[in-house]
Asks: 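Following this message is one structure expressed as C-alpha cells.
Owing to the predicted nature of the structure, the values given are computational and were not obtained by experimental measurement. The residues of the chain are indexed from 1 along the displayed sequence. The basis for the numbers below is simple: all heavy atoms, side chains too, and nothing from hydrogens, waters or symmetry mates.
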Amino acid sequence: MVRRSGLLGAASTDAVLLALVLGWVLVSAWLIVVDAAEPGRTTVFWAVQFPGDAVFFLSASRLTRHFRDDPRAHRFWRLVSLAALAFMVADLLRAIEGVAGLETTGPGPVQLTFFTVGQTAFVVALVGYPMLVGSGAGRQRFLLDAAIVFFGVGAIVWFLLTDPRARAANSVDVFSALLVGAEVTLVGFLAVKLVLSGHGPVSLPPAVLMISSAVVQMLQTAVLPIYAAPLSDGASLAIQLLPTVLIAAGTRLEVLRVGIEPNPRPPERGRPYSLLPYAVVAIVQLLLLVTLLVDPVVNLRLWGMVGATALVGTLTVARQLLSMRDNLRLIGQLGRQKEWFGSLVAHSSDMTLVVDERDVVTYVSPAAERVLGIRPEQLVGVKLSQALHVEDFDRLRVGWAALRAAPGAAWTVQVRLRTGGRGWRWLETVNTNLLEVPAIRGIVCNCRDVTDARELQEQLRFQAEHDVLTQLANRRLFTDRLAASGREYSSVALLAIDLDGFKPINDNHGHHVGDAVLVAVGERIRRCVRPTDTPARLGGDEFAVLMPGASLENAKRVAARVRSVLAEPIAIGSLRLEVGASIGVTVGAGDDPDSLMRQADAAMYRMKRQARADATWSAEPATDGV
C-alpha cells in the first residue's frame, strides 16, 4: 500500500490539485463578497465548474487506460469517464445559456438529460462493480447491512419530508432534493463497501474525497434548505461548487497514486465488520426520540418513524442472529479443530517446545515423555540451558541471538537434551521466532529424535575413516589430519612404521594369526602416543603416527618407545611371536604433507637397510684382524 505520507507529498506539489483548491477559494470568495448582478453570477458559477469537470473527465479517462488489463476496473472507470463527460457537457450548456442571455432558474431538458445520464452512469459503475463479498453467510450479512442502510436512509427522508418546515417550503423542490440526498447517501454506502472490500478500483484516500463530494451534495440539497438559516446566494453557490472540486480532486489523487504504485494492495483491515449499519440504526432511533420530544402528537410522521425504527431494529436483530449462528458454528469448528490438533500433538512422535525471551520453557507437548522420558510439566518453567548438553550451549546461544533479531525467521540445529534416565538424546530442532505473535510470545522448537540416525551416521563415518581390523585411522583420515595439522601448527612430526618379520608369520601360521598380530601391534602403538596424536594403519604391515606440534626430540622418544614395545613377544594362543619395526622419523613445517610423507618413508627405509646391514655384519665369522 502506498504510504500516506508519500501520497500526501505528491498531492501537495501537484499543480492540478493546487489549482483546483486555489480556484475554489478565489471563486467562492468572489461569489460571497462581490454583489454581482444576475444572471452574471450564476453564469460564472456554471462556467467555473467546467474546469473541474474537465479535470474529473481527463483523470477518469487516464485511469481507464491504466486499468485496461483489469476488466472490472476498466469497466468501472469507463463508466465514471462517461459520467464526467455528461456532467461536463451539462455544466457547459448552462454556462453557454448564461453567456447567451438565456439563463433560466432551472435546468433545461437537454441539461437535465445529460445530468441524469451522468448520475445513472456513476450509479451503474458502483452497483455493477463486483463487491466480492463471498457467498453464503457473508453475502447474507452484506445484504442485511445494505438493507439496514437503505431503510435507514428512507427513515431520514421521511423525517425530513414530514417536518413542518419542509411542508412550508416548495414541496416539489424539497421532495426532489431529498431524493437526491437519499440517492447520494446510498451511493456513498456502496462506495465505502467497495473500498473496504479490499478489491475496489480506487484506493482509500481518493475514495474519501469522492465520497465527501456525495455527502456535501446531500447536505446542500437536502438539509441546508430546511434546517439551516437562509444563506446568501453567493454562499449557496460556493457550497454547490464544492462537490465538483472534491470529485475532481479525488480522481486526480488516484492518478497520482497509480503513478507511485501501479498495482494497489488491499488495505489493512482494522476490524472484520462495518460500523455504518449500526450508525444508521442509532440515527433512526435518535430521530424517533426527536420526533417524540418535538411533536408528541400521534400523526403520520410519528407512525413512519416508529415503523422505520421497528424495521431497522428487526433487520439488526436478524443480522445479530446470523452473526450468533456463525459464531456458534465457528466455535464448534474451533472446538473440533482444537480436539483434532490436540490429538495430533498428543500422538505425535515429535516434541514441541515454546521458549520465551528469558530462555524459560513455557510449553511442552506430551511427546516429551516418549522422547525424553520426562513428563511435560517437569520441563515447564525450567531454563532450556539446564537441560542442554554443555558442549552444545554456546552454539545454541549464538544461533538464538541471531534468530531473536529476525522475527519470523527459522533456524535448524541438532543438540543434545538430558533424558529422564540422565542420559542424552540427540534432537534436530527447527526453531521459529514467534516472539512478536501475541498468542505465543516465544521461540517455537519442533524437535525430532535423531539419536539413532546420528549414531548410525557416526558409525558409518567411523568405518569410512578407520581401519576395519585395527580400528586405527586409515590412510584417508590420516592424510586429512596431516593436511589440517600443517595449517594449524608450525611444526609437524611423522613416524613411518614398517614391521620386520611379519611375512613369515603369515606364511607359517596363516592370515588369521597375522591379523591378530596386526591388532596387537595397533593397540601397542596406540598406548605409546599422546591423546592429540593420530596413529594409523596405512595398509598391510605399514603404520604411521602423526604428532602435531611435536619436536624432533619428542618424536624420537615416541619412536623409541614404539620400537621397544613392538620388540616384546606377542602371545597369540599358545604361540609367542616376535616382530620388529623399522621407524622413520621426520619433522617439518607441514605446509607440504606429501613431502613430509616421502621424507618419513625415506627415513624408515634407511633404518630398515641399516638393520639388515647390521644383521649381515653380525652374521660374518670373526677374524683376528690380520
Side-chain angles (χ1 to χ4, degrees), residues 1-29 48-85 87-88 91 118 121-122 125-126 129 132 184 187-188 190-217 238-239 241-270:
M1 182 181 296
V2 177
R3 293 186 180 272
R4 293 184 180 180
S5 58
L7 186 58
L8 181 61
S12 63
T13 58
D14 182 65
V16 176
L17 285 176
L18 294 176
L20 279 173
V21 175
L22 182 61
W24 177 75
V25 171
L26 294 177
V27 173
S28 298
V48 297
Q49 291 214 68
F50 179 77
D53 294 332
V55 172
F56 182 22
F57 172 71
L58 293 175
S59 299
S61 300
R62 185 170 176 179
L63 293 169
T64 302
R65 293 191 299 271
H66 174 79
F67 288 106
R68 57 180 173 270
D69 295 331
D70 185 345
R72 295 176 302 178
H74 179 74
R75 178 177 180 272
F76 174 86
W77 284 111
R78 189 175 56 193
L79 288 170
V80 172
S81 299
L82 176 61
L85 179 62
F87 294 150
M88 185 171 60
D91 293 341
F122 201 80
L126 285 171
Y129 193 89
L132 301 178
V184 171
V187 168
L190 293 174
V192 170
K193 294 296 288 187
L194 196 64
V195 172
L196 295 184
S197 67
H199 304 278
V202 58
S203 57
L204 185 58
V208 169
L209 289 177
M210 299 173 71
I211 295 169
S212 299
S213 170
V215 173
V216 171
Q217 186 175 353
I239 295 175
L241 185 61
L242 184 57
T244 301
V245 175
L246 289 173
I247 198 167
T251 51
R252 178 61 186 176
L253 192 62
E254 181 67 7
V255 169
L256 297 178
R257 199 275 308 162
V258 298
I260 299 174
E261 185 181 49
N263 300 313
R265 304 188 191 103
E268 297 180 2
R269 300 181 64 87

Asks: When the side chains of residues 9-19 are checked against the rest of the protein, which donor-acceptor pairs come out under 3.5 Å, sequence neighbours left out?
Replies:
residue, atom, partner, partner atom, Å
Ser12, OG, Leu8, O, 3.3
Ser12, OG, Gly9, O, 2.8
Thr13, OG1, Gly9, O, 3.2
Thr13, OG1, Ala10, O, 3.2
Asp14, OD1, Arg252, NH2, 2.8
Asp14, OD2, Val16, N, 3.3
Asp14, OD2, Leu17, N, 3.0
Asp14, OD2, Arg252, NE, 3.1

Asks: Can you see which heavy atom on Thr251 is nearest to which on Ala248, and at what distance?
Replies: OG1-O, 2.9 Å

Asks: For Ala83 and Gly118, work out which heavy atoms get closest and say how close.
Replies: CB-O, 3.2 Å

Asks: side-chain contact (heavy atoms from CB on, under 4.5 Å) between Phe67 and Val258: does it pass, once the steps are laid out?
Replies: CA-CA 10 Å; Phe67 288 106; Val258 298; 4.1 Å; yes

Asks: Do Thr244 and Trp24 touch side chain to side chain, with heavy atoms closer than 4.5 Å?
Replies: no

Asks: Looking only at atom types and distance, does a side-chain atom of Ser59 sit under 3.5 Å from a main-chain N or O of Phe56, one as donor and one as acceptor?
Replies: no

Asks: As an exercise, state the distance from CG of Leu85 to CZ of Phe57, rounded to the nearest 0.5 Å.
Replies: 5.0 Å

Asks: Say you draw a straight line from CG of Leu58 to CG of Asp53; how long is it, rounded to the nearest 0.5 Å?
Replies: 10.5 Å

Asks: List the residues meeting side chain to side chain contact (heavy atoms under 4.5 Å, CB included) with Leu82, not counting sequence neighbours, and say none if there are none.
Replies: Ala121

Asks: What's the verdict on side-chain contact (heavy atoms from CB on, under 4.5 Å) for His74 and Thr64, showing C-alpha distance, side-chain angles and the deciding distance?
Replies: CA-CA 5 Å; His74 179 74; Thr64 302; 3.4 Å; yes

Asks: Minimum heavy-atom separation for Val80 and Ala60, please, with both atom names.
Replies: CG1-CB, 4.0 Å

Asks: I would like to know whether Phe76 and Leu63 meet side-chain contact (heavy atoms from CB on, under 4.5 Å); could you show each step before the answer?
Replies: CA-CA 10 Å; Phe76 174 86; Leu63 293 169; over 6 Å; no

Asks: I need the Glu254 CD to Arg257 CZ distance, nearest 0.5 Å.
Replies: 4.0 Å

